[in-house]
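I'd like to ask some things about the structure below.
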Amino acid sequence: MPERRPFVRLPTDVYPVNYGLCLKPDLIDFTFEGKLEAIVKVNLATNQIVMNCADIDIITASFVPEGGEGEEINATGFNYQNEDEKVTLSFPSALQKGSGTLKIDFVGELNDKMKGFYRSKYATPAGEIRYAAVTQFEATDARRAFPCWDEPAIKATFDISLIVPKDRVALSNMNVIDRKPHPEDDSLLEVKFATTPIMSTYLVAFVIGEYDFVEGQSSDGVTVRVYTPTGKAEQGKFALEVAVKTLPFYNDYFNVPYPLPKIDLIAIADFAAGAMENWGLVTYRETALLIDPKNSCSSSRQWVALVVGHELAHQWFGNLVTMEWWTHLWLNEGFASWIEYLCVDHCFPDYDIWTQFVSADYTRALDLDALDNSHPIEVNVGHPSEVDEIFDAISYSKGASVIRMLHNYIGDEDFRKGMHSYLLKFQHKNAATEDLWDCLEQASGKPIALVMSTWTKQMGFPIIVVDQEQQGDDRILKISQKKFCASGPHNGEDCPNWMVPISICTGEDPGCTKLKVLLDSPETTITINNVSPDQWVKINPGTVGFYRIQYSSGMLESLLPGIRDLTLLPVDRLGLQNDLFSLSRAGMISTVEVLKLMEAFVNEPNYTVWSDLSCNLGVLSSLLSHTDFHEEIQEFIRDLFTPIGLKLGWECKQGEGEPPGAGGHLDALLRGLVLGKLGKAGHKPTLEEARRRFKDHVEGKQILSADLRSPVYLTVLKHGDSATLDTMLKLHKQADMQEEKNRIERVLGAISAPDLIQKVLTFALSEDVRPQDTVSVIGGVAGSSKHGRKAAWKFVKDNWEELHNRYQGGFLISRLIKLSVDGFAIDKMAAEVKSFFESHHAPAAERTVQQCCENILLNAAWLKRDADDIHQYLLKRKTPPV
């Protein structure tokens, strides 16, 4: 890699107090004109001002000292440091200490890179292609819309005006206070917004386009609007309901009122992330906001509820109190990723959402954090390209998991008390991780900073090794910790230690914690009184502690019946299986042990437990696609999923469906999961039924319910031909909802024939797929077969210029790389991937590339180690005992 100049934050000799900003976008030529009048304070006399600025041309700049006694001083030079995204304005004489106004006239481009001030393509109901002008500034792209001090700690107020065509909607963070015709052109309107509170640049937003909206009022008097594409206002109702319930929930939880008069949630056609929490104007991908009562599936509803909960939490945690620098980004994202579940649990108790957290966030974070190429939660970042890279599963999912552990360790009451004092103390200011620890420490009297720094400042997590012996009526536990590595336990000299909150429960009352200890040394012995010899003992009930567990074989044996007879909680059945699976990948136990355990889940009723099991079987199936007994693992999957498939059937039972009865939501998710798994694995009756229903659907005889579409599409494509693919692409073209388009895009890769795989890859880069969705089409190809994996990687290499240009710097490039190469399992592929990225630099994905190479080597080692044993076991299952 070429060495970068050391990164330097902006000088503080001049800083902004208020930005007066007027922008005039041109939606035809994709340019914009801007006028900035910023009230600034000069702390130290200086003849230059350094600001952030990227892809902007400054036309004139001047400084007017306050009070009118000084003359206006015109800047004589603009020195752009493009690499650092800075501009230095030079003045002929020193600007004296005190206040003044900095005036800058500039022009910029409405780019197509989904960052800064950019254009987003949409079609009118009549089918005409038009463009909206929208923004995405986090982390460091406000500087692409106007010259500014683009660092989170340099807060100011904003007075924004937009000059727009009079038939367009214009929105910003605040409410509109004035609209008047533009003096020079009566087809334009000048829209003026109220002054914002003091805030960071990355949270400023504006949108100019054509939208409908639905409106509501929260019980605490905030006007909430959900803006949708024209003609689709109906699809904003679900998100509106969630938002109207959520605002008062947070208001009450934080005990601090929402500070703005309104909040808008808006669906943007071309959008790189899931959503962005701009203060008072939250932007979303269409699929993260729009729900159609007939055509949206249950998982989409749940996703919308979570994303709305996440972004609204940021209005307090992030917007009102902001991280001092990007090193503390995890606090923003980890916290919002945790509390979104609390909020959804409040709005939709029947989602069993906390169990889903374990599968969606907790286990995902454990997997990534076991790699040598993981990173600590708190990362020192400098250059903008390094900031992009930390928007990953460590910041979000590990962040959320350690906050969940912390909340459990402190207790809800003290946790809320600490949060409240943190928000009051730092409102409209900036804070660092330590500031939150201080407030929680004061509220709880526990050594929060000491405990938590072991989880945020060092990467990885421990594996807790447990053994037991019975002494009379007491159970003695020997517990030790060492760092868990994906390649096996860490056996080095300098093994890190964690402060581990450990809870223990027994078979007498699996839902109740019998004992809590803080493990602050490498090992310890714990005595539990009054446990009869026939009772099992389990560590980490609720699967809250962020660690893996290795039980002695006797302890494990005693826990297994709790899986069959369901006396263990769902989340603990899931955790036990997931721990063993990761131990097998790390070579600490044989994969055959895990296959035996999986067979014990035959009575399992819980959706999330099945979902996690299914995920791990998918990993195994993908690994074994490199062998000649891939069909045997398909048979194993069919055998495991057939009983639950028969029980659920194709139709939702009485009590499911609209409106979802208790369990309706989860049954719908489980049915989709199981049918998809059976169909993909080639279960004959499922395949035949899927084909029949698909035919009826396409012919319009009987439209598939939204929850059945993914599994049916997947099944018919996996076992389909070119006619199937053509039909699927036709459905894609006809689909009016982005959700349906995405649903199809994600499964197209399941097609098997090499020439059709090529056709799908070409389609991924076509005009028919929105730029943010190309990645999931290519990923679908890579994830579905051995041939697909090779073809997708070749396609990425062949089209690297275009792909990199499209997603440069964003996290989409990391996701693309991960999806394309993570599944390889041959040592030489790791070398090939490494050398490709040595000659094709992707700075924002540097760590991802290292993680992928590590994963490929781990897969190869796993295969070498266990393939024969797995093969033998799968064969032995089939032969009847003599």
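Because only heavy atoms are used, hydrogens play no part in the values below, and waters and symmetry mates are left out as well, while side chains stay in. Sequential numbering from 1 along the given sequence is applied to the chain's residues.
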Is a side-chain donor-acceptor pair under 3.5 Å present for Y122 with D270? no

Do H732 and E745 have side-chain N/O donor and acceptor atoms under 3.5 Å apart? yes

Step through it carefully: locate the ring centre of F117, locate the ring centre of F206, and say whether they are under 6.0 Å apart.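 Yes, the ring of F117 comes within the 6.0 Å limit of the ring of F206, centre to centre.
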
Side chains of H310 and E277: is there a donor and an acceptor less than 3.5 Å apart? no

F836 ring center within less than 6.0 Å of W793 ring center: yes

Taking atom CD1 of I28 as the centre, report whether more than 12 heavy atoms of other residues, nucleotides or ligands fall under 6.0 Å from it. no

Evaluate the side-chain proximity of Y211 to D264: yes if any heavy-atom separation is below 4.5 Å, no if none is. no

S337 side chain to E333 main-chain N or O, any donor-acceptor pair under 3.5 Å?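 Yes: the side chain of S337 pairs with the backbone of E333.
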
Donor + acceptor pair across side chains of T283, Q136 (<3.5 Å):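 Their side chains do not contain a donor-acceptor pair, so the 3.5 Å distance test is not met.
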
Hey, are D667 and R671 close enough for a salt bridge, meaning a charged N less than 4.0 Å from a carboxylate O?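 No, this pair does not count.
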
Residues two or more places apart in sequence or in another chain: which of them pass side chain to side chain donor-acceptor pair (under 3.5 Å) with D392?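 Partners of D392 by the side chain to side chain donor-acceptor pair (under 3.5 Å) criterion, ordered by chain and then number, come out as H375.
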
Side chain to side chain, S359 and T355, heavy atoms closer than 4.5 Å: no

Dump the intermediate steps for side chain to side chain contact (heavy atoms under 4.5 Å, CB included) on F213 and V226, then the final yes or no. CA-CA 5 Å; F213 67 86; V226 176; over 6 Å; no

Do we see a donor-acceptor contact under 3.5 Å between the side chains of Q772 and Y807? no

Under 3.5 Å: donor-acceptor pair, side chain of N616, backbone of L620: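 Side chain of N616 to backbone of L620, a donor-acceptor pair under 3.5 Å: no, none is there.
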
Regarding E651 and R693, does a basic nitrogen lie under 4.0 Å from an acidic carboxylate oxygen?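 Judged by the 4.0 Å cut-off on N to carboxylate O distance, E651 and R693 do form a salt bridge.
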
If you define the side chain from C-beta out and look only at heavy atoms, does anything of F837 sit under 4.5 Å from W800?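 A side-chain contact exists here, since the closest heavy-atom pair is under 4.5 Å.
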
Has the side chain of H719 got a donor or acceptor atom that lies under 3.5 Å from a matching backbone atom of G679?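 Confirmed, H719 side chain pairs with G679 backbone.
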
Is the shortest side-chain N to carboxylate O distance from D367 to R364 below 4.0 Å?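 Between R364 and D367 there is no salt bridge, as every charged N stays at least 4.0 Å from the carboxylate O atoms.
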
Tell me, with the steps shown, if V796 and L816 meet side chain to side chain contact (heavy atoms under 4.5 Å, CB included). CA-CA 9 Å; V796 167; L816 173 72; 4.3 Å; yes

Quick test of your reading of the model: are E699 and K695 salt-bridged, counting only N-O distances below 4.0 Å?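 Salt bridge flag = yes for K695 with E699.
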
Checking E109 against T31 for the side chain to side chain contact (heavy atoms under 4.5 Å, CB included) test, could you report, in this order, the C-alpha distance in whole Å, the side-chain angles of both residues, the deciding distance, and whether it holds? CA-CA 4 Å; E109 180 203 4; T31 55; 5.6 Å; no

Does the side chain of L289 come within less than 4.5 Å of V307's, by heavy atoms?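 Of all side-chain heavy-atom pairs linking L289 with V307, none is under 4.5 Å.
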
Aromatic contact between H683 and F641, with the criterion being ring centroids under 6.0 Å apart: yes or no? no

Could E631 and R638 be called an ion pair, given the rule that one side-chain N must be under 4.0 Å from one carboxylate O?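 Yes.
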
Parallel, tilted or perpendicular for Y396 and F391, by the 30°/60° rule? tilted

How far apart are the C-alpha atoms of Y118 and D141, what are their side-chain angles, what is the distance that settles it, and do they pass the side-chain hydrogen bond (donor to acceptor under 3.5 Å, both in side chains) test? CA-CA 11 Å; Y118 71 93; D141 293 316; over 6 Å; no

When you look at CZ of R119, are more than 12 heavy atoms from neighbouring residues, nucleotides or ligands closer to it than 6.0 Å?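 It does: R119 CZ has more than 12 such atoms within range.
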
Is it the case that Q302 and Q356 place a side-chain donor and acceptor less than 3.5 Å from each other?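 Side-chain D/A pair, Q302 to Q356: present.
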
Return yes if some donor-acceptor pair links the side-chain N/O of S766 with the main-chain N/O of F763 below 3.5 Å, else return no.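 Yes, the answer is positive, given that a donor and an acceptor are paired below the 3.5 Å cut-off.
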
Between CG of L729 and CG of L748, what distance do you get to the nearest 0.5 Å?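 Result: 6.0 Å between the selected atoms.
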
So, is the end of the R743 side chain (NZ or CZ) under 6.0 Å from the ring centre of Y713 and within 45° of the ring's axis? no

When you check the side-chain N and O atoms of D755 and Q758, is any donor under 3.5 Å from an acceptor?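 Not at all, the side chains of D755 and Q758 share no donor-acceptor pair under 3.5 Å.
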
Do I856 and I826 have side chains that approach each other closer than 4.5 Å (heavy atoms only, starting at C-beta)? no

Could you check whether K797 pairs with E832 (Lys NZ or Arg NE/NH1/NH2 to Asp/Glu carboxylate O, under 4.0 Å)? yes

Quick one, T287 and V304 - any side-chain contact, counting heavy atoms below 4.5 Å? no

Hey, does the Lys NZ or Arg CZ of R285 hover above the aromatic six-ring of F271, less than 6.0 Å from the centre and inside 45° of the axis? no

If I take atom CD1 from residue I266 and atom CD from residue E286, how far apart are they, to the nearest 0.5 angstrom?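 It is 10.5 Å, given to the nearest 0.5 Å.
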
Is a side-chain donor-acceptor pair under 3.5 Å present for N295 with R709?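 The criterion, which ignores hydrogens and geometry beyond distance, is satisfied for N295 and R709.
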
Go through the steps to decide whether R691 and E689 satisfy the test salt bridge (Lys or Arg N to Asp or Glu O under 4.0 Å), and finish with yes or no. CA-CA 5 Å; R691 282 181 172 150; E689 182 65 8; over 6 Å; no

Given side chains that start at C-beta, do those of K237 and E234 come closer than 4.5 Å, heavy atoms only?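 The answer is yes, as the side chains (C-beta and beyond) meet within the 4.5 Å cut-off.
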
Is the side chain of N799 donor-acceptor paired with the backbone N or O of E802 at a distance under 3.5 Å, no angle test? no

Aromatic rings F30 and Y131: how do their planes relate, parallel, tilted or perpendicular, breaks at 30° and 60°? perpendicular

Is the backbone of A723 close enough, under 3.5 Å, to the side chain of D721 for a donor and an acceptor to pair up by distance?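 Yes; judged by distance alone, with no hydrogens or angles, the pair exists.
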
Quick one: OG1 on T627 to CD1 on I633, what's the gap to the nearest 0.5 Å? 9.0 Å

Between the main-chain N or O of P293 and the side-chain N or O of S296, is there a donor-acceptor pair closer than 3.5 Å?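 No, S296 side chain to P293 backbone: no donor-acceptor pair under 3.5 Å.
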
Taking D726 first and then K759, would you say they form a salt bridge - that is, a charged N and a carboxylate O separated by under 4.0 Å? yes

Go through the steps to decide whether V344 and Y351 satisfy the test side chain to side chain contact (heavy atoms under 4.5 Å, CB included), and finish with yes or no. CA-CA 8 Å; V344 167; Y351 282 13; 3.8 Å; yes

Neighbour count above 12 (heavy atom, 6.0 Å) for K718 NZ: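 Yes, NZ of K718 has more than 12 neighbouring heavy atoms, counting only those of other groups under 6.0 Å.
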
Taking the side chain as every heavy atom from C-beta outward, state whether P165 and L27 have any pair of such atoms under 4.5 Å apart. yes

Would you please say whether a donor-acceptor pair under 3.5 Å links the side chains of S784 and R789?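 Note: S784 and R789 side chains miss the donor-acceptor criterion.
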
Is it the case that D773 and S776 place a side-chain donor and acceptor less than 3.5 Å from each other? no

Any side-chain donor paired with an acceptor under 3.5 Å for D212 and T228?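 Absent: no donor and acceptor within the cut-off.
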
For Q851, what residues pass the side chain to side chain donor-acceptor pair (under 3.5 Å) criterion, not counting sequence neighbours? none

Do S710 and R746 have side-chain N/O donor and acceptor atoms under 3.5 Å apart? no

NZ (K232) with more than 12 external heavy atoms under 6.0 Å: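 For K232, atom NZ is crowded (more than 12 foreign heavy atoms under 6.0 Å).
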
Is E767 paired with K121 through a side-chain N to carboxylate O contact shorter than 4.0 Å?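 Result for this pair is yes, salt bridge flagged.
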
Is it true that a side-chain atom of T246 and a backbone atom of V242 form a donor plus acceptor pair closer than 3.5 Å? yes

Decide, yes or no, whether a salt bridge links K741 with E739 under the criterion of side-chain N to carboxylate O below 4.0 Å.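 No.
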
Between F348 and F238, is the gap from one ring center to the other below 6.0 Å? yes

